[in-house]
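In this text the structure is predicted, and so the values were computed from the model without any measurement. These values consider heavy atoms only, across backbone and side chains, with no hydrogens, waters or symmetry-generated copies.
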Amino acid sequence: MKRITFYLDFISPYAWLAFERLPEALEGLSYSVTYQPVLLGALLQQHGNPGPAGIAPKRDWTYRHVTWLGHAQGTPLQMPARHPFNPLPLLRQALACSDDGHINRFVAGTVLRHVWQGGHDALDPERLNALAAELSEQVRSAGQDPTGEAPKALLRANTQAAQAAGVFGVPAFAVDDKLFWGLDGLPMLRAYLEGDAWFASGDWDSAPRVPSGLAPKAG
């Protein structure tokens, strides 16, 4: 059985789509999944990437694209009332349900649906209270406070571990020494789990070694 680490941030519509698509995409295979919340903004900042929402025309396209993908995939997806937003309260709420930085599928799905179904404000105080109540039975026995130090420390550790593993965006899926990125990376992930000979051909390692044709910028 292969163990997959699913890196996600609840701010990402593609994380929601991939979360819903994953069981069907990997149907019939032997695997387990651990869900690891990370701070997408820190991953983007590390590489000087403003993200899709930081480029106005790309923002427009992304919101149209993910709404269509939800329709095409059969996954309910409505843009929240405000986006982007600060995902820290949601990440910490989820990690209040964890001892080791991983969350279960129920917790991940509950928070993702909170954001991506209904078109509501993800940070509305009343809705956050309702979310906390829905997750109350998942909170660790020590009664972790989402605003306390433990969830904050887990989020920092998760994000740093993701950066060290080469994760540059979400959703991302790590298995063995391989990293697969994005909703459209799921077919490639399945092929790897099925033992596709391409992964032993050397192309996985040789493809990124193509020299850049762009001269480095002057200092």
Side-chain angles (χ1 to χ4, degrees), residues 4-23 32-45 51-53 62-63 66-67 70 73-163 167 169-173 183:
I4 301 167
T5 300
F6 185 150
Y7 297 98
L8 73 160
D9 186 333
F10 306 111
I11 197 172
S12 168
Y14 293 104
W16 164 233
L17 292 167
F19 175 87
E20 285 289 280
R21 177 67 177 153
L22 185 69
S32 64
V33 181
T34 59
Y35 298 90
Q36 185 164 320
V38 297
L39 183 59
L40 175 59
L43 301 180
L44 297 176
Q45 186 177 23
T62 298
Y63 293 173
V66 297
T67 303
Q73 183 174 295
T75 297
L77 186 155
Q78 294 83 37
M79 290 301 302
R82 294 182 297 162
H83 194 278
F85 55 84
N86 181 359
L88 285 174
L90 300 177
L91 291 163
R92 291 168 179 166
Q93 179 67 65
L95 286 167
C97 303
S98 174
D99 290 319
D100 60 2
H102 298 135
I103 59 175
N104 62 37
R105 186 169 175 86
F106 174 81
V107 172
T110 298
V111 182
L112 285 165
R113 284 187 288 273
H114 168 88
V115 176
W116 294 107
Q117 291 189 354
H120 305 296
D121 185 342
L123 300 184
D124 175 77
E126 291 187 7
R127 296 192 69 240
L128 288 176
N129 288 337
L131 176 65
E134 191 172 359
L135 294 176
S136 60
E137 293 186 3
Q138 297 289 321
V139 172
R140 296 299 88 192
S141 57
Q144 286 189 23
D145 179 356
T147 63
E149 285 305 313
K152 293 178 182 179
L154 288 174
L155 180 58
R156 284 194 299 270
N158 279 2
T159 304
Q160 290 168 359
Q163 290 171 325
V167 178
V170 299
F173 313 91
L183 173 67

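Between Ala108 and Leu8 the shortest heavy-atom distance is CB-CD1, 4.4 Å. The two residues Gly118 and Gln78 have their closest heavy-atom pair at N-OE1, 2.7 Å. Closest of all the heavy-atom pairs between Cys97 and Val107 is CB-CG2, 4.0 Å. Gly101 and Pro37 get closest at one heavy-atom pair: O-CD, 3.5 Å. Closest approach of Phe173 and Ala18 over heavy atoms only: CZ-CB, 3.9 Å. Looking at every heavy atom in both residues, Val167 comes nearest to Ala172 through CG1-CB, 3.9 Å.
More than 12 heavy atoms of other residues, nucleotides or ligands shown are found within 6.0 angstrom of CZ on Arg105.
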- Task: Determine, step by step, whether Gln73 and Leu183 satisfy the side chain to side chain contact (heavy atoms under 4.5 Å, CB included) criterion, reporting the C-alpha distance in whole Å, the side-chain angles of both residues, the deciding distance to 0.1 Å, and the verdict.
- Result: CA-CA 11 Å; Gln73 183 174 295; Leu183 173 67; 4.0 Å; yes
Using the side chain to side chain contact (heavy atoms under 4.5 Å, CB included) rule, take Val115 and Ile11 through it: C-alpha gap first, then chi angles, then the decisive distance, then the call.
CA-CA 8 Å; Val115 176; Ile11 197 172; over 6 Å; no
Exercise for the section: May I have the step-by-step check of side chain to side chain contact (heavy atoms under 4.5 Å, CB included) for Leu43 and Asp9, ending in yes or no? Expected result: CA-CA 11 Å; Leu43 301 180; Asp9 186 333; over 6 Å; no
Would Leu135 and Phe106 count as a side chain to side chain contact (heavy atoms under 4.5 Å, CB included) here? Give the steps.
CA-CA 9 Å; Leu135 294 176; Phe106 174 81; 4.1 Å; yes
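Within the cation-pi definition used here (under 6.0 Å to the ring centroid, within 45° of the axis), Arg21 does not qualify as a partner of Tyr14.
With contacts defined as side-chain heavy-atom distances shorter than 4.5 Å, the pair Leu112/Glu20 does not qualify. Between Pro171 and Tyr7, every side-chain heavy-atom pair lies at or beyond the 4.5 Å cut-off. The shortest side-chain heavy-atom distance between Lys152 and Leu88 does not fall under the 4.5 Å cut-off. You'll find the side chain of Val111 stays beyond 4.5 Å of the side chain of Ile103, heavy atoms only.
Between the side chain of Gln93 and the backbone N or O of Leu131 there is no donor-acceptor pair closer than 3.5 Å. For the pair Thr159 (side chain) and Leu39 (backbone), a donor-acceptor distance under 3.5 Å is present. Judged by distance alone, with hydrogens and angles left aside, the side-chain atoms of His120 form no donor-acceptor pair with the main-chain N or O of Ala81 at under 3.5 Å.
In this structure, CG in Leu91 is found 9.5 Å from CG in Asn158, a value given to the nearest 0.5 Å. Interatomic distance, CZ of Arg92 versus CG of Leu95, reported as 10.0 Å (0.5 Å rounding). Taken from CG in Asn104 to CD in Gln138, the straight-line distance is 4.5 Å, to the nearest 0.5 Å. Going from atom CD of Glu126 over to atom CG of Asp121 covers 11.5 Å, rounded to the nearest 0.5 Å. Atoms CH2 and CG, from Trp116 and Leu17 in turn, are 8.5 Å apart once rounded to the nearest 0.5 Å. Expressed to the nearest 0.5 Å, how far CD of Gln36 lies from CG of Leu154 amounts to 10.0 Å.
Using the six-membered ring where Trp is involved, Phe85 and His83 have ring planes that are perpendicular, over 60° apart on the 30 and 60° scheme.
Under the side-chain contact (heavy atoms from CB on, under 4.5 Å) rule, Phe6 has a single partner from Leu22, Thr34, Val170, which is Leu22.
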